[in-house]
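Below: the structure, in structure tokens.
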Amino acid sequence: MHCIEGYKISLPHEDTIIFVVSTIGQGDTPDSMKVFWKFLLQRNLSKHWLEGVRYAVFGLGDSGCQKYNFVSKKLDKRLSDLGAMAIVEKGLGDDQHPSGYVYAGIS
């Protein structure tokens, strides 16, 4: 397990990777993820760059925010756009759930 800050970006060499992604404020990208996100948005990365990589994304969000789980939704789409294959649909955790922070479904 790695924190994104200490992760050397070697995604194409990973077999399977699981992302647990939080948001800050009203759904903004955490500072610890900004360098990683900037790297993933490079235009020179092909749509096959992550072919063969399997992934899962689980977002930690608050449905009271306008951009609920926005970071996890963007990450899931970008990984797919780069050729990675989701092993499960993204999960969206909701801090507003009556039972506490639980899985709130897939979208």
Side-chain angles (χ1 to χ4, degrees):
M1 178 165 40
H2 299 281
C3 174
I4 200 70
E5 285 176 307
Y7 179 71
K8 293 188 191 254
I9 301 173
S10 62
L11 286 177
H13 305 289
E14 301 289 354
D15 216 24
T16 304
I17 189 161
I18 299 170
F19 293 91
V20 178
V21 183
S22 65
T23 55
I24 58 171
Q26 290 297 311
D28 299 316
T29 305
D31 290 341
S32 60
M33 187 178 169
K34 288 183 178 176
V35 170
F36 178 75
W37 186 243
K38 185 177 178 180
F39 181 84
L40 281 184
L41 292 177
Q42 293 178 92
R43 293 178 190 242
N44 66 331
L45 299 178
S46 80
K47 64 181 181 177
H48 303 289
W49 187 64
L50 294 178
E51 233 170 54
V53 176
R54 300 175 320 151
Y55 75 93
V57 174
F58 185 77
L60 305 172
D62 183 330
S63 62
C65 294
Q66 184 178 16
K67 297 190 296 184
Y68 170 60
N69 266 306
F70 188 64
V71 175
S72 59
K73 293 173 185 177
K74 285 189 331 182
L75 178 61
D76 179 67
K77 179 166 179 1
R78 184 61 178 156
L79 293 170
S80 176
D81 289 348
L82 293 172
M85 184 180 70
I87 53 177
V88 295
E89 290 188 54
K90 71 182 164 298
L92 304 177
D94 185 4
D95 192 40
Q96 294 295 318
H97 192 278
S99 299
Y101 215 127
V102 299
Y103 173 69
I106 299 170
S107 80

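We use all heavy atoms of the structure for the numbers below, so side chains are in, but hydrogens, waters and symmetry mates are not.
- Counting only residues at least two apart or on different chains, no salt bridge (Lys or Arg N to Asp or Glu O under 4.0 Å) pair has a member in residues 45-54.
- V35 and L41 are members of different hydrophobic clusters when ILVMFWY side chains are connected at heavy-atom separations under 4.5 Å.
- Between atom OH of residue Y55 and atom NZ of residue K90 there is a gap of 8.0 Å, rounded to the nearest 0.5 Å.
- Under the 4.5 Å side-chain heavy-atom criterion for Ile, Leu, Val, Met, Phe, Trp and Tyr, M85 and V53 are members of distinct hydrophobic clusters.
- Taken to the nearest 0.5 Å, the CG atom of D28 stands 4.5 Å off from the NZ atom of K67.
- Counted within 6.0 Å of CD1 on I24, heavy atoms from surrounding residues, nucleotides or ligands total more than 12; the atom is thus considered enclosed.
- Between Q96 and S63 the shortest heavy-atom distance is CB-OG, 3.5 Å.
- Both W37 and I17 are part of a single hydrophobic cluster, where members link through side-chain heavy atoms under 4.5 Å apart.
- L60 CG to D94 CG: the interatomic distance, rounded to the nearest 0.5 Å, is 11.0 Å.
- Residues meeting the side-chain hydrogen bond (donor to acceptor under 3.5 Å, both in side chains) test with S22, sequence neighbours left out: none.
- Shortest non-hydrogen contact noted between L82 and S46 is CD2-O, 3.5 Å.
- By the 4.5 Å heavy-atom criterion applied to side chains, L50 and P12 are counted as neighbours.
- Note on L45: it clusters hydrophobically with F19, by side-chain heavy-atom contacts below 4.5 Å among ILVMFWY residues.
- Aromatic rings of F39 and W49 (six-membered ring for Trp) have centroids within the 6.0 Å cut-off, being under it.
- Annotation: Q66, atom CD; neighbour count of heavy atoms from other residues, nucleotides and ligands within 6.0 Å does not exceed 12.
- Scanning for side-chain contact (heavy atoms from CB on, under 4.5 Å) contacts around T29 gives M33, K34, V71, K74, with sequence neighbours left out.
- Heavy atoms only, all atoms of each residue included: G61 and T23 are closest at CA-OG1, 4.2 Å.
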Audit row: L75, L40, side-chain contact (heavy atoms from CB on, under 4.5 Å) steps and yes/no: CA-CA 9 Å; L75 178 61; L40 281 184; 3.7 Å; yes
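- The two residues L92 and S72 have their closest heavy-atom pair at CD2-OG, 3.7 Å.
- Side chain of K73 to backbone of Y68: a donor-acceptor contact under 3.5 angstrom is found.
- E14 places no side-chain N or O within 3.5 Å of a backbone atom of L11 that could act as its donor or acceptor partner.
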